[in-house]
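Just so it is clear, the model here is predicted, and its values are computed rather than measured.
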Amino acid sequence: MLQKDTKDYESKLTEEEIRKNFKIVAEMKPVAFLKEKILDNYYGNTTNQLKECFNDFGKEVLTEYGTVYLSNKAAKSLSNHKFNELKAWGVGAIREVLENGKALFYKNNYKHINKNRLFMVAPVAILKGKYLGHYMMGVAVDISQTTNRVQLIELVLNKERESYGTTIGIKPTHGVEDSPSTITLLQQVIDVKNGKLTLDQVTAIGIDSK
């Protein structure tokens, strides 16, 4: 369960509930319609720009699973995770994805770093420019004893898998020590949406996963 919150969110983060969330997210309408990039300069160190964005957004976001913070450390983390022009668009939808999205992944002691990892996803739309289109957007949150903060974001264009030119794994992960990538989880939602994947095939990892 998320730290620093009094409610018990564990019942919403089971493997069974997360599996259902793939279908819910696949059927959702976009939670944000993006008309501009939040960051004009997305090369090099974007930490200070992201800090300013988070100050404008408000640093505390209430999600279905508890409170998440857009802290200065979150800004540094986003900047260090292969930040690019597409993510410069996606930054504008972070709050909406957290407020309206669903958990597609929850794991205790993620990668043995003494933190838990939550991955929330919702569809967004970019309305102009070369990235015009509908996307699945994910926001990863690291959960520790002191805070729940955004760690990274990712966006995948809502297209059928064959158009990507790379093979996305679609089989469920039974040994959860090897956690699926954020890109894989986003693509699995798109595959569910397009009828290429059933809910039995998605990689549903929850708080009770063995």
Practice problem: Apply side-chain contact (heavy atoms from CB on, under 4.5 Å) to the pair Phe83 and Leu39, showing each step before the final yes or no. | Solution: CA-CA 11 Å; Phe83 202 83; Leu39 281 69; 4.0 Å; yes
Self-check item: Spatial distance of atom OH (Tyr135) from atom NZ (Lys159) [nearest 0.5 Å]
Solution: 9.5 Å
Practice problem: Indicate the atoms forming the closest heavy-atom contact of Ala75 with Leu50, along with that distance. | Solution: O-CD1, 3.4 Å
Quiz prompt | Student check: side-chain heavy atoms of Leu34 and Tyr131 closer than 4.5 Å | solution = no
Quiz prompt | Atom pair NZ (Lys12) and OH (Tyr106), whose distance is rounded to the nearest 0.5 Å | solution = 14.0 Å
Practice problem: Look at the side chain of Asn148 and the backbone N and O of Thr67, then say whether any donor-acceptor pair between them is shorter than 3.5 Å. | Solution: yes
Exercise. Could you tell me which non-hydrogen atom of Gln151 sits nearest to which non-hydrogen atom of Ser77, and how far apart they are?
Key: O-OG, 2.6 Å
Self-check item: Nearest atoms (heavy-atom pairs only) where Phe119 meets Leu185
Solution: CD2-CD1, 3.7 Å
Quiz item: Where is the tightest heavy-atom contact between Gly101 and Met120, given as atom of each residue plus distance?
Solution: O-CE, 3.4 Å
Practice problem: Is it possible for you to say whether Ile190 and Leu199 belong to one hydrophobic cluster, with membership spreading through side-chain heavy-atom contacts below 4.5 Å? | Solution: yes
Quiz item: Can you check whether Leu78 reaches His81 side chain to side chain, under 4.5 Å on heavy atoms?
Solution: no
Practice problem: For residues Ala32 and Ala93, report the shortest heavy-atom separation together with the two atoms involved. | Solution: CB-CB, 3.7 Å
Quiz item: In Å, rounded to the nearest 0.5 Å, how long is the span from NZ of Lys115 to CG of Asn108?
Solution: 14.5 Å
Quiz item: Quick one: do Leu152 and Met136 end up in the same hydrophobic cluster if we chain Ile, Leu, Val, Met, Phe, Trp and Tyr together by side-chain heavy atoms under 4.5 Å apart?
Solution: no
Quiz prompt | Donor-acceptor contact below 3.5 Å, side chain Ser79 vs main chain Thr46 | solution = yes
Self-check item: Any Val124 side-chain heavy atom under 4.5 Å of Glu96 side chain
Solution: no
Exercise. Report yes if some heavy atom in the side chain of Ile153 is under 4.5 Å from a heavy atom in the side chain of Val97; otherwise report no.
Key: no
Self-check item: Glu52 versus Asn48, side-chain donor and acceptor atoms under 3.5 Å
Solution: no
Quiz item: Do the non-hydrogen side-chain atoms of Val121 and Phe105 ever get within less than 4.5 Å of each other?
Solution: no
Quiz item: If you round to the nearest 0.5 Å, how far is CG of Asn158 from NZ of Lys193?
Solution: 5.5 Å
Quiz item: Closest approach of Pro30 and Ala125, non-hydrogen atoms and distance?
Solution: CB-N, 4.1 Å
Exercise. Keeping the roles fixed (side chain from Arg95, backbone from Gly58), state whether a donor-acceptor pair exists under 3.5 Å.
Key: yes
Exercise. Apply the test side-chain contact (heavy atoms from CB on, under 4.5 Å) to residues Asp56 and Ile38: give CA-CA distance (whole Å), side-chain angles for both, the deciding distance (0.1 Å), then the verdict.
Key: CA-CA 11 Å; Asp56 292 340; Ile38 296 296; over 6 Å; no
Quiz item: Within the side chain of Asp142, is there an N or O that forms a donor-acceptor pair under 3.5 Å with the backbone of Arg117?
Solution: no
Quiz item: Near Lys23 NZ, under 6.0 Å, is it more than 12 heavy atoms from other residues, nucleotides or ligands?
Solution: no
Exercise. Please examine the side chains of Ile94 and Phe54, heavy atoms only from C-beta on, and report whether any two atoms are closer than 4.5 Å.
Key: yes
Quiz item: Between Asn84 (side chain) and Lys87 (backbone), is there a donor-acceptor pair under 3.5 Å?
Solution: yes
Practice problem: Determine, step by step, whether Val150 and Val61 satisfy the side-chain contact (heavy atoms from CB on, under 4.5 Å) criterion, reporting the C-alpha distance in whole Å, the side-chain angles of both residues, the deciding distance to 0.1 Å, and the verdict. | Solution: CA-CA 10 Å; Val150 170; Val61 185; over 6 Å; no
Quiz item: Can you find a heavy atom in the side chain of Leu118 that is under 4.5 Å from one in the side chain of Leu13?
Solution: yes
Quiz item: Once you round to the nearest 0.5 Å, how far does OH of Tyr110 lie from CD1 of Ile205?
Solution: 9.5 Å
Quiz item: Between Asn72 and Lys59, does any side-chain donor sit less than 3.5 Å from a side-chain acceptor?
Solution: yes
Exercise. Using the salt bridge (charged side-chain N to carboxylate O under 4.0 Å, His left out) rule, take Glu17 and Lys20 through it: C-alpha gap first, then chi angles, then the decisive distance, then the call.
Key: CA-CA 5 Å; Glu17 291 301 311; Lys20 293 176 184 176; 3.3 Å; yes
Quiz prompt | Distance, nearest 0.5 Å, that separates CG of Leu157 from CG of Leu186 | solution = 11.5 Å
Quiz item: Quick one: does Ile126's side chain get under 4.5 Å of Leu86's, heavy atoms only?
Solution: yes
Quiz prompt | Donor-acceptor contact below 3.5 Å, side chain Asn194 vs main chain Lys196 | solution = no
